[in-house]
Amino acid sequence: MAISQSYKQPTAEGYYGKFGGAYIPEMLHRNVEELQTRYLEIMGEAAFQQEFKELLRDYVGRPTPLYYAKRLSEQHGTRIFMKREDLCHTGAHKVNNTVGQILMALRLGKKRIIAETGAGQHGVATATVCALKGLECIVYMGEKDIERQAPNVARMKMLGATVIPATSGSKTLKDATNEAIRDWINNPSDTHYIIGSVVGPHPYPDMVARFQSVISEEVRWQLKEKVGTELPTAVIACVGGGSNAAGAYYHFLDEPSVQIVAVEAAGHGVNSGLSAATTALGREGVLHGSRSLVMQTTDGQVVEPHSISAGLDYPGIGPMHAHLFDSGRGTFLSVTDEDALQSAFKFARLEGIIPALESSHAIAALSQLKFKTDDVVVINLSGRGDKDLGTYMKAMGVAGNEVTG
Ligand SMILES: *Cc1c(COP(=O)(O)O)cnc(C)c1O
């Protein structure tokens with residue numbers, strides 16, 4: 001196995017250091033192999049690139065602004081810029097990837113799209129692009145999550161998707177993933193599986209990272225315009241599976257002067273038993289088709305994670321990030337539910353922007369870092385907080401004075 005020369009570029013077999021690869025059932029080999037052999041060639045076609053860029057511009061609303069957060073900067077004594085992925089169509093970065101993958105599916109001649117979703121954000125982004133292109137869309141979702149995320153289920157249905165409940169196990173994301181894989185095995189020729197993060201068997205982590213890399217591509221020229229240099233001091237992003245982070249880091253990974261900061265969800269505290277801080281708690285293992293760090297028991301059973309934010313509530317991490325952690329290239333921090341919540345309220349009042357709870361973890365990590373006045377810090381604001389209003393309302397009702405004080 002060749003050693004990957006670059007932090008952003010996996011080997012031909014999909015390895016970032018010792019993480020990645022494609023650990024899949026025999027029945028999926030043909031599908032995954034077709035994708036492995038064709039994705040780079042298809043993404044390299046001028047017509048593909050043109051259609052992708054046009055949709056990102058006219059449909060998603062790119063480039064998203066790079067916003068100088070003046071009041072937040074004053075509080076932290078440095079220069080802080082927010083990359084506004086919250087302003088993307090559907091309210092988060094996920095649509096960058098689903099737009100790319102729907103174009104990939106069409107080039108591969110697929111007629112039917114399947115996806116899995118936890119909180120429903122990836123399901124909504126997938127249902128959106130299926131409506132755009134008139135493709136059949138089936139979204140697998142844990143029965144428990146369907147109850148908890150009613151507004152997103154309604155959105156998917158309104159967009160024409162069929163939402164199928166996963167009724168086995170804990171009736172959450174990992175069970176929905178199992179159902180989606182089962183579907184793919186049963187429909188090998190006409191179906192494309194749109195995975196929503198930089199996880200899964202090779203080539204998904206690399207393909208999704210490339211689709212999301214538009215984020216850091218824009219940050220480079222936007223910083224050049226605003227501060228006269230393309231390279232920030234640090235880039236900070238929250239990590240669930242790691243797709244918004246991969247996109248925000250991508251064009252800085254091989255620039256050693258840029259500090260890469262990944263923020264995981266500590267839940268009630270890293271050692272509380274209710275956490276999703278994978279790099280702190282996980283061990284090497286195989287989850288959803290790739291070798292990575294996984295939260296697991298001593299006998300290898302996947303541990304049910306916990307985070308207040310559904311998007312970070314995942315027991316693994318993409319192989320690129322596992323390698324960034326393992327090699328020391330990335331700085332990995334974690335933020336508790338409570339600190340993320342406090343930070344969301346503070347940020348809303350400082351900047352007039354209500355962040356997604358996931359993104360709020362990245363903002364909260366500022367207080368664990370030290371920067372100089374002249375430093376340039378970029379925080380990826382992965383999504384907007386509308387979807388989290390229920391949680392925010394509960395926080396205001398239960399502990400209004402503390403969280404707003
Ligand atoms: C899904 C989601 C995340 C987490 O997913 P990544 O693949 O780690 O980016 C983060 N922020 C928002 C707003 C999300 O919807």
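Whatever order the structure lists them in is the order used to number ligands and atoms, beginning at 1.
- Looking at Glu351 and Lys346, no side-chain N of the basic residue comes within less than 4.0 Å of a carboxylate O on the acidic one, giving no salt bridge.
- Listed for the Thr98 side chain is a donor-acceptor partner under 3.5 Å among the backbone atoms of Ala125.
- By the criterion of a heavy-atom distance under 4.0 Å, the side chain of Lys94, and not its backbone, is placed next to ligand 1.
- Relative to atom 4 (C) of ligand 1, the option among Ala119, Gly311, Gly120 with the closest non-hydrogen atom is Gly311.
- Annotation: Gly242 places an N or O atom under 3.5 Å from an N or O atom of ligand 1; distance criterion only.
- By the criterion of a heavy-atom distance under 4.0 Å, the side chain of His93, and not its backbone, is placed next to ligand 1.
- Shown in contact with Gly383 at under 4.0 Å from a heavy atom are these atoms of ligand 1, numbered in order with element: 13 (C).
- Here's the thing with Ala92: none of its N/O atoms is less than 3.5 angstrom from an N/O atom of ligand 1.
- Taking only non-hydrogen atoms, the option from Ser197, Ser359, Gly318, Cys238 nearest to atom 7 (O) of ligand 1 is Ser197.
- Of the N and O atoms on the side chains of Thr191 and Asp183, not one donor lies less than 3.5 Å from an acceptor on the other residue.
- Under 4.0 Å is where a charged nitrogen must lie from a carboxylate oxygen, and between Glu304 and Lys171 no such pair does.
- Electrostatic pairing of Lys70 and Glu74 counts as a salt bridge here, judged by a charged N lying under 4.0 Å from a carboxylate O.
- Near Gln121, with a cut-off below 4.0 Å to any heavy atom, the atoms of ligand 1 are 15 (O).
- A salt bridge links Glu284 with Lys18: the closest approach of a Lys/Arg side-chain nitrogen to an acidic carboxylate oxygen falls below 4.0 angstrom.
- Heavy-atom contacts of Gly240 reach the following atoms of ligand 1: 8 (O) (cutoff under 4.0 Å).
- Counting atoms of ligand 1 from 1 in the listed order, those under 4.0 Å from a heavy atom of Ser243 are 6 (P), 7 (O), 8 (O), 9 (O).
- The protein atom (non-hydrogen) at minimum distance from atom 11 (N) of ligand 1 is Ser382 OG, 2.8 Å.
- Remark: Glu255 engages Arg220 in a salt bridge, criterion side-chain N to carboxylate O under 4.0 Å.
- At a threshold of 4.0 Å, the pair Lys94-Glu85 does not count as salt-bridged, since none of the basic side-chain nitrogens sits closer than that to a carboxylate oxygen.
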